[in-house]
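Below is one structure, written out as structure tokens, with a few remarks after it.
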Amino acid sequence: MADRAPNTLPLSRVKTIMKSSPEVSSISQEALHLTGRATELFIQALAKFSYQQSSNKTSLQYKDLAEIVNSEDTLQFLHDIVPRKIKAKEYIKLMKQQEDDD
């Protein structure tokens, strides 16, 4: 286990997020490191998948991530965290339509 890559996410932040759940009372160091590492691997996989689906192969942009999150069923849990960007004009139009429907 000496060749294990160090965590790149700040574990103090990971712990804070984990402790924000009311069901969590204590967190072992092993669970903290495993959660941090799993999160890093998830982020890498999400970025790689988004890049592969992107039309621009020179860089990965927010819109690429948002498109994957909003189109893949397995990533729907991130829908509120990584929404598609819309222009203010479009948002106002949507709000007016919603008011008219009510």
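Only this structure's heavy atoms are used, side chains among them; waters, hydrogens and symmetry mates stay out.
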* Any chance CZ of Phe42 has more than 12 other-residue heavy atoms, nucleotides or ligands included, within less than 6.0 Å? ->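 Atom CZ in Phe42 is crowded, with more than 12 foreign heavy atoms closer than 6.0 Å.
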* Asked: Is Gln97 atom CD crowded by more than 12 heavy atoms from other residues, nucleotides or ligands, each under 6.0 Å away?
  ->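 Result for CD/Gln97: enclosed.
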For [X] and [Y], work out which heavy atoms get closest and say how close.
X	Y	result
Lys57	Tyr51	O-OH, 2.6 Å
Ser54	Ser59	OG-O, 4.3 Å
Ala66	Pro83	CB-O, 3.5 Å
Ile27	Met18	CD1-CB, 3.5 Å

* Asked: Any luck finding a side-chain donor-acceptor pair between Ser21 and Glu23 under 3.5 Å?
  ->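 Side-chain D/A pair, Ser21 to Glu23: present.
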* Without hydrogens or angle criteria, can the side chains of Thr58 and Asn56 be said to hold a donor-acceptor pair below 3.5 Å? -> yes
* Test Lys93 against Glu90 for salt bridge (Lys or Arg N to Asp or Glu O under 4.0 Å), laying out the working first. => CA-CA 5 Å; Lys93 184 179 176 182; Glu90 294 170 12; over 6 Å; no
Does the side chain of [X] reach to within under 4.5 Å of the side chain of [Y], using non-hydrogen atoms?
X	Y	value
Phe77	Val69	no
Lys15	Leu11	no
Glu67	Arg84	yes
Leu46	Ser50	yes
Gln61	Asp64	yes

* Test log, rule side-chain hydrogen bond (donor to acceptor under 3.5 Å, both in side chains), inputs Ser28 and Glu30 -> CA-CA 5 Å; Ser28 70; Glu30 184 176 65; 5.3 Å; no
Same apolar cluster: [X] and [Y], side chain cutoff 4.5 Å:
X	Y	result
Ile81	Phe49	yes
Leu32	Ile17	no
Leu34	Leu9	no
Ile92	Ile86	no

* Would you check if the side chain of Asn70 reaches a backbone N or O of Leu65 as a donor-acceptor pair within less than 3.5 Å? => no
* Asked: Any donor and acceptor pair, going by atom type alone, linking the side chain of Gln53 with main-chain N or O of Ile68 inside 3.5 Å?
  ->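 Flag not set: sc Gln53 to bb Ile68 has no pair under 3.5 Å.
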